[in-house]
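Here's the structure we're looking at; comments come further down.
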Amino acid sequence: MDTIKPLFIFITLVLSLKSFSQEQLYYFTNADSSLVGVRAVSGKVIIPLQFPMIGYYDLEEPITSAFIEFFYAYPDTTTDPMNPNQAVGRVYDRTGNFIYTPFLYDNGPDYWQEGIRRYVSNGKVGYVDLNNTILTEAKTGFAKMFNYGYAAFYEGAVTKVYEPGGEHWTVSPTDNKGKHYLINRKGEKVHGRKKPTSTKDYYYGELYYPYPFQYTVAEEKILNGLNQFAAISKVDKLLSGDQSQLRPIQFEIIGRPSAYTPYYTIQGYKEQQADDNWVIEATANGQYFYSRYGERTVLSQWIDEQLTTK
């Protein structure tokens, strides 16, 4: 019986992975590789050739996400250039329906943080997740990235304020009529308290916000399974460099399996701030992988490599 159960789990995982890729979509280009679009493996065009071939598109591998993204579209000239909420690119669902335009960040589409990113509509900004769910309607104001299950939002009129030299800028309210608040992963406003109710409550702006992570028994087991990798602390010392600043790592699940991935995503936090060095993916049956820049390495193998090469 003990050997049958792992085999059953493995077969289930393989079958689920197969189902993820039944509708295979690929990026394709025109003859001179100046434009890019998307078509199905059958040849059916899902999104016609219309976007400039700017950015990296893997033409050989199928698109495995819930969405199709084009990294560049012709600039929006209708939004005030002093508005910090500028758009870049286009995102569609797998049937070719337009969903949103990503927020422009660091000269490209906004990064995913905890499976959530910012989008822009008519100069307003909101949040959307990896499954194409619009978490908040776009509003006038400015949105920060998610961290530890929360994101800070300023709702009100804002403008760019450029630093000397004209390259870097910050965001500033144009009046005192706006309001500042935090939202959770459901897009709901959350009120802080002066005193914590848990040692893991999120501390922000001199207030405490409820510990945002909740797990099933099976998910608790996945998190506890990281305890078997005792060398994580040793590797962290090597990655951190300045060992006088070492802080304990708190691991939390920020992403779960869906129709497009069999993995849980586990984020490492230090003093409630996400540490990019520690993003781990895990399967339901206890396989762990180190994840970096879209590449996965078996966690035990990656740890051994770090200990022998640093």
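We number each residue from 1, following the sequence as shown.
- The 12-atom threshold is not exceeded at CD of E271, counting heavy atoms of other residues, nucleotides or ligands nearer than 6.0 Å.
- Here I280 contributes atom CD1 and T297 contributes atom OG1; the two are 12.0 Å apart, rounded to the nearest 0.5 Å.
- For an aromatic pair to be called close, the ring centres must be under 6.0 Å apart, and F51 with F71 fails this.
- Side-chain atoms of V279 and S291, non-hydrogen and from C-beta on, do get closer than 4.5 Å to each other.
- When the options Y263, W302, F229 are evaluated for a ring pair (Phe, Tyr, Trp, His ring centres under 6.0 Å) with F289, the one that passes is Y263.
- Using a 4.5 Å heavy-atom threshold, the side chains of P212 and Y148 count as touching.
- For the pair A87 and T101, the tightest heavy-atom approach, listed with the atom from each and the gap, is CB-OG1, 3.7 Å.
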Might you work through the side chain to side chain contact (heavy atoms under 4.5 Å, CB included) test for K189 and L182, ending with a clear yes or no? CA-CA 6 Å; K189 293 182 185 179; L182 297 191; over 6 Å; no
Step by step, would you call N131 with T133 a side-chain hydrogen bond (donor to acceptor under 3.5 Å, both in side chains)? CA-CA 6 Å; N131 296 315; T133 301; 5.7 Å; no
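- By the 4.5 Å heavy-atom criterion applied to side chains, L307 and L238 are counted as neighbours.
- Within the 3.5 Å criterion, the main-chain N or O of I303 finds no donor-acceptor partner in the side chain of Q306.
- Looking at D275, its side chain never comes within 3.5 Å of a backbone N or O of G268 through a donor-acceptor pair.
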Derivation of the side chain to side chain contact (heavy atoms under 4.5 Å, CB included) call for Y150 and Y204: CA-CA 10 Å; Y150 291 102; Y204 181 89; over 6 Å; no
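- The side-chain heavy atoms of P102 and Y119, taken from C-beta on, include no pair separated by under 4.5 Å.
- Using a 4.5 Å heavy-atom cutoff, the side chains of Y208 and T197 are not in contact.
- Taking every heavy atom of both residues into account, E69 and Y57 meet most closely at O-CE2, 3.6 Å.
- If you take CD on E155 and NZ on K177, they are separated by 14.0 Å, rounding to the nearest 0.5 Å.
- Inter-residue side-chain proximity for L130 and Y260 is flagged as unmet; no heavy-atom pair is nearer than 4.5 Å.
- In this structure, the side chain of K160 engages the main chain of P81 through a donor-acceptor pair within 3.5 Å.
- Separating the CG atom in L25 from the CD1 atom in I63 is a distance of 5.5 Å, to the nearest 0.5 Å.
- Applying the side-chain contact (heavy atoms from CB on, under 4.5 Å) criterion to I249, with sequence neighbours excluded, gives I232, D236, F251, K270, W278.
- Under the 3.5 Å distance criterion, the side-chain polar atoms of Q272 are matched with a main-chain donor or acceptor of D201.
- Cluster annotation: Y269 is connected to I266 through the hydrophobic network of ILVMFWY side chains, with a link wherever side-chain heavy atoms come within less than 4.5 Å.
- The ring pair (Phe, Tyr, Trp, His ring centres under 6.0 Å) test with Y92 is passed by exactly one of F67, F98, Y100: F98.
- Separation of atoms OH (Y290) and CD (E295) is listed at 12.5 Å; rounding is to 0.5 Å.
- Remark: side-chain polar atoms of S33 are not paired, donor with acceptor, to backbone N or O of T29 under 3.5 angstrom.
- Residues V190 and Y211 fall within the same hydrophobic cluster, defined by Ile, Leu, Val, Met, Phe, Trp and Tyr side chains chained together at heavy-atom separations under 4.5 Å.
- Applying the salt bridge (Lys or Arg N to Asp or Glu O under 4.0 Å) rule to E114 yields the partners R185; only residues at least two apart in sequence or on another chain are considered.
- Taking Ile, Leu, Val, Met, Phe, Trp and Tyr as hydrophobic and joining them when side-chain heavy atoms fall under 4.5 Å apart, one finds L135 in a cluster with M82, F103, Y105, Y111, I116, V120, V125, Y127, F142, M145, F146, F153, Y154, V158, Y162, W169, V171, Y181, I183.
- With hydrogens and angles disregarded, a donor-acceptor distance shorter than 3.5 Å links the side chain of N132 to the backbone of A66.
- Grouping the Ile, Leu, Val, Met, Phe, Trp and Tyr side chains by contacts below 4.5 angstrom, directly or via other members, places Y27 apart from L49.
- Annotation for S172 and V161: closest pair CB-CG2, 3.6 Å, computed over non-hydrogen atoms.
- Of the inter-residue distances, the one linking S121 atom OG with K139 atom NZ reads 13.5 Å to the nearest 0.5 angstrom.
- For the pair D304 (side chain) and Q301 (backbone), a donor-acceptor distance under 3.5 Å is absent.
- A donor-acceptor distance shorter than 3.5 angstrom exists from the side chain of N227 to the backbone of N224, with no hydrogens or angles considered.
- In this structure, N85 contributes its side chain and T140 its backbone to no donor-acceptor pair below 3.5 Å.
- By the rule that hydrophobic residues join a cluster once side-chain heavy atoms approach within less than 4.5 Å of another member, L299 and L239 end up as members of one cluster.
- Following chains of ILVMFWY side-chain contacts shorter than 4.5 Å, one can reach L226 starting from I254, so the two form part of one hydrophobic cluster.
- The environment of E167 atom CD is sparse: at most 12 non-hydrogen atoms of other residues, nucleotides or ligands sit within 6.0 angstrom.
- Nearest heavy atoms, G149 versus F213: N-CZ, 4.0 Å.
- Residues R193 and P210 form a side-chain contact, since some pair of their non-hydrogen atoms from C-beta on lies under 4.5 Å apart.
- Annotation: side chain of D276 is in contact with side chain of R292 (closest heavy-atom distance under 4.5 Å).
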Would Y288 and I222 satisfy side chain to side chain contact (heavy atoms under 4.5 Å, CB included), going step by step from the backbone distance to the final call? CA-CA 9 Å; Y288 296 88; I222 290 172; 4.2 Å; yes
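- The environment of CG in D93 is crowded: more than 12 heavy-atom neighbours from other residues, nucleotides or ligands sit within 6.0 Å.
- Interatomic distance, OH of Y209 versus CG of L207, reported as 4.5 Å (0.5 Å rounding).
- Put simply, the side chain of D110 gets close to the backbone of R118: a donor and an acceptor are under 3.5 Å apart.
- Across every non-hydrogen atom of D175 and A157, the tightest pair is OD2-CB, 4.2 Å.
- The environment of NZ in K124 is sparse: at most 12 heavy-atom neighbours from other residues, nucleotides or ligands sit within 6.0 Å.
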Criterion side chain to side chain contact (heavy atoms under 4.5 Å, CB included) on R94 and I46, from CA distance to verdict: CA-CA 8 Å; R94 294 179 65 89; I46 305 300; over 6 Å; no
